[in-house]
Amino acid sequence: MDVAALRTALRAALDPDDPLLAGYADQGGRAVRHRPDGEPQVPVVVTDLTHLPDGERDTAVGEILTEEPSTGFALTHETPLRCRVLLLPGRTVLVLVAHRVAADEQTLGALLHRAARCHPVTGPVAPAGPTGAGGGAAGARPTDPQVGTDDGLDAWRELLAVPPSATLPTDWPRPVVLAGTGGTATVTVPADTRQRLRDRFPEVDEATVLIAGLHALLARHGAGTDVAVTATTPATGGGELVVRTDLAGDPDFAAVVARTRAAVTVATGAAVPFARLAEELGGTAASVRHDPFARVALTIRDAPLLPPDLGGLPLSPLPLPRLGVRYELRLVLEAAADGELTGRLEYARDLFDPPTADRIAARFPLLLAAAAATPDTPVSRLGLVTPAERALVLDTWNDVHAPRPEDRCLHELILDRARAFPGAPAVVCAGRTLSYRELDERSARLAAVLRGHAVAGRLVALCVEKSVEMVVGVLAVLRAGAAWVPMDPAYPVARLGFMLADAQAPVVLADSASADRLPRHDATVVLLDDVPDAVASRNGAHPDRGEEPAGDPGSLCYVIYTSGSTGTPKGAANTHRGVLNTMAALVSRCRMDNRTRLLQCSSLSFDMSAFDILSTLLAGGCLVVPTRADLTDPQRLLDLAHDARITVWSSTPALFRGAVDVALDTGAGLPEGLRTVVLGGDRFPGGVIGPLRSLAPQARAFNVAGMTEVSFTTTGHPVTGADARRASVPWGRPLPNQRMYVLDDEGDPVPVGVPGELYIGGAGVGPGYWRRPELTAQRFLPDPFVADPDARMYRTGDLVRHLSDGQIEFLGRLDHQVKVRGYRIELGEVETALAGHPQVRDCVVDLRAGADEQSRLTAYLVPADPEQPATVESLREFLGRRLPEHMVPAVFVAVPRIPVTPGGKIDRTALADLPLPAGRPELGSAYTPPRDGLERSVVAEWERVLGVSGIGVDDEFTALGGHSLLATAAMTMISDVLGVPVSARDLYEASTPARLARRIRALTPDRVWD
């Protein structure tokens, strides 16, 4: 290359007043352009690399290409443009770098086109005037901050007063600033697709149709219906327009084109260059690193960005890493000579993995082709799944077959273990230990009693506190040929009564204390502490198993009642065969054996307890059962874990997180032998991964996720360090012999990365809901993706998507079902109960995150008499008699009416925008302020944990929204702050700040309090 001729051509291509030859001063954060002294020149630096060895030369080129765009400009005395020439054997690399204050990619392309015409080989031409590259005339560049009218800015202020709500789901969480590099994926729109689109929309500019296509693609990928794209097209003269389109109502593609056309008209009528818009609405042009209005961009060129040659030398682009990316996604398209549109999808590596970007890029021409073929098809139905991708999501990612376990009943396999390890401990609780021999003998005696009541093939209620008797009862029910129905003694009497009547259980197994909680019923109560010590057996040792009837693996093993949307709980039934498939897979994955000591935290009413009990006994391990008091105090629970030398921790994430916090704060650490942590029932907190690796580096963690209707869980994802950086820890891939499908509203597979509803098939699918055939028919459907005509799949109602490696990521619920502290709750059931209050005219219940980012069940209610609304205390007392504690809302918000959408549906978005009450709720008692330093300290910690200000010393903890987990958190903080060993039990017995302060004084008689 002739460097002198290059320098001359570049200078000739620039007008003296070109922003690329100007200087810039910072005045109050605003870049102000001025003409520098003397004749401005474009610096051209020549670096000769011809004499380096090949490998070293390639490394040097790569380092220079990375270094140049990251080297800044001294804009006060340097031009915002520089050029570097790298001389190599047989070729030359030309590097042009400009500051964003004066140029963009289109500007540099236009500069090179003019330079090519000014080069001596082709002959100079006048630098001013239009160019074939769509670069615009000098002096009217799209980034010139001096251009733009106040009327246009006012229009944009109105248009963008509420930012676009659409947010494209990403592989990794969004950072505050996109600081990493960008990647690229190739895109090609065939010529025949372009022609069919022209024929379909002859009156619409092609760029508008392409913008509509990108809007539709983003909506299909979960970006929502309020979509904005920054578009640069030939029609804009190289300028950038923010095109915002509403895709609500699932319009067909023709309607999307019409809406986009209207949006382009609005944006064009308020034409303001991006730099001016950015300065006025989003910061200074020099400081804006990414678009403050749209996260996605589309650039369309009617000619290539680069000229074909420069000075007679062929010019070809050299791929570069995209540094400091401005957009999350940017689609760049150029018209090719053969009629195709070719280009690339640029993406932020901070957010997207390469396979994800490749798939998005491949789907753009697929969507356009489908839209050209059937423009009246709703966007949600435009075909994006190729045959290869369909096989991937339906077959390849579900190909997790493993040898099925023996076709036997759960209790038969457990008794095999008991005979193999008779002296080994099976259950430990409250200082009592039951060996496998004793478990076998006691469960046999109880099973004989149950068989005397003819329970085979029926349900047996189990209402018992956590104890060794609980485990004996579970095994005895199975040995009697029945299925257990857990009934938590803490449930309201009305709910226990419904469950007893619906289950039609002929027998209730209960301990003495729990039996007193039962309502009137017709079932026979068998007290677990009154089981006879002897059962007829031939040798006086352990019972003869030959006396027990043979089990049926297809029979029910348990029915667990979950919340119901109509206000009626429903019983999810599961069989021995399905549950055994799940448990056997988890035993292997978690590497459980006869040395396992599992901390069994979950209530029997939470199906994680089935995993705890069954998997541990199937492995021949030992269950360590905490008491209810242990579970309310993280310090006690951690002490128990240490003392019992547990190897497996199984609980909800919240319970484990509380123990981790204590382990860190006290320096006690986690048990030395801890090897496995299994968390389920709620989102796995990424923030616990780091502390767990620090406290127990040898431990493996698993995220289990699934449904009570499908044998407890369908996944057992091994959590990795990389998961800590994700927005949410994935659910993972299905366990052996189970299947997971992500389907659209028509029951067809959705593309990888696109949100859809989760359906679960395979061996774990249960028979349905107890005595609810209509509901069973709605949720348990034929599985069309396998050859077995009897196979069924369960429709979960979960909104999920496939990640690029086949793992399932949970995004939310499609219905109004939520999870609170591991329990699945149908919001409709809570609403039905609350609507029964005589002082409530209407209500809606939802899950809301407060200022502390903690999600709380929140009730919005319309008082029957606004002048005399119900107090929070009366509402809680009313619900507490009808619902379990975890279903009682923590927050109550009075509203004049429930907002509705134009379509007449409840506007939950409007409810979510309402401020939550931060102050003391309307209570029946008068406010009494703290009277001394101790009461002030207690109140301060309550306010911090509950997120409520203005608490009085006579206010009840539960009336302020407190529940068992918050009680544990509050007392842990009070213990730390005051140095007094108090627990959640102290709070239950002294439930106001005044009473708690008196209790603390009684516990510390030698201490003087203010």
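Note that the coordinates shown come from a computational prediction; the quantities given were computed from them, not determined experimentally. We count residues from 1, following the sequence as given.
Side chain of E78 to backbone of A74: a donor-acceptor contact under 3.5 angstrom is found. Y347 places no side-chain N or O within donor-acceptor distance of the main-chain N or O of D358, the cut-off being under 3.5 Å. Side chain of D171 to backbone of D353: a donor-acceptor contact under 3.5 angstrom is found. Using modelled atom types, one side-chain atom of E334 and one backbone atom of L305 make a donor-acceptor pair closer than 3.5 Å. With hydrogens and angles ignored, the 3.5 Å screen pairs a side-chain donor or acceptor of T66 with a backbone N or O of G62. Between the side chain of R349 and the backbone N or O of F352 there is no donor-acceptor pair closer than 3.5 Å.
Residues meeting the salt bridge (Lys or Arg N to Asp or Glu O under 4.0 Å) test with D723, sequence neighbours left out: R726. In this structure, P697 has no side-chain contact (heavy atoms from CB on, under 4.5 Å) partners at least two apart in sequence or on a different chain. With sequence neighbours left out, the side-chain contact (heavy atoms from CB on, under 4.5 Å) criterion links D58 to no other residue. Qualifying side-chain hydrogen bond (donor to acceptor under 3.5 Å, both in side chains) partners for R35, counting only residues two or more places apart in sequence or in other chains: D17. Take T245 and apply the side-chain hydrogen bond (donor to acceptor under 3.5 Å, both in side chains) test, not counting sequence neighbours, and it matches H215. R194 pairs by the salt bridge (Lys or Arg N to Asp or Glu O under 4.0 Å) definition with E206, not counting sequence neighbours. Take D205 and apply the salt bridge (Lys or Arg N to Asp or Glu O under 4.0 Å) test, not counting sequence neighbours, and it matches no residue. Under the side-chain hydrogen bond (donor to acceptor under 3.5 Å, both in side chains) criterion, T50 pairs with D48, sequence neighbours left out. Partners of Q807 according to the side-chain hydrogen bond (donor to acceptor under 3.5 Å, both in side chains) rule, which considers only residues two or more places apart in sequence or in another chain, are H717, D805. Under the salt bridge (Lys or Arg N to Asp or Glu O under 4.0 Å) criterion, R363 pairs with E389, sequence neighbours left out.
Classification of the W397-H802 ring pair by plane angle, with boundaries at 30° and 60°, yields tilted.
In this structure, T356 OG1 and L803 CG are separated by 7.5 Å, a value rounded to the nearest 0.5 Å. Annotation: the span from T59 atom OG1 to L49 atom CG amounts to 11.0 Å, rounded to 0.5 Å. One finds the CZ atom of F364 at 6.5 Å from the CG atom of L298 (value rounded to the nearest 0.5 Å).
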With a 3.5 Å cut-off and sequence neighbours excluded, list the donor-acceptor pairs that the side chains of residues 2-9 form with protein atoms.
unit_1: D2; atom_1: OD1; unit_2: A4; atom_2: N; d: 3.2
unit_1: D2; atom_1: OD1; unit_2: A5; atom_2: N; d: 3.1
unit_1: T8; atom_1: OG1; unit_2: A4; atom_2: O; d: 3.0

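Screening residues 84-99 for salt bridge (Lys or Arg N to Asp or Glu O under 4.0 Å) gives E67-R84, E68-R84 as the qualifying pairs, with residues at least two apart or on separate chains.
Exactly one of T233, T232, L333, V332 qualifies for a side chain to side chain contact (heavy atoms under 4.5 Å, CB included) with R301. That residue is V332. In summary, of the residues considered (V61, V85, L65, T47), a side chain to side chain contact (heavy atoms under 4.5 Å, CB included) with V95 occurs for L65 alone.
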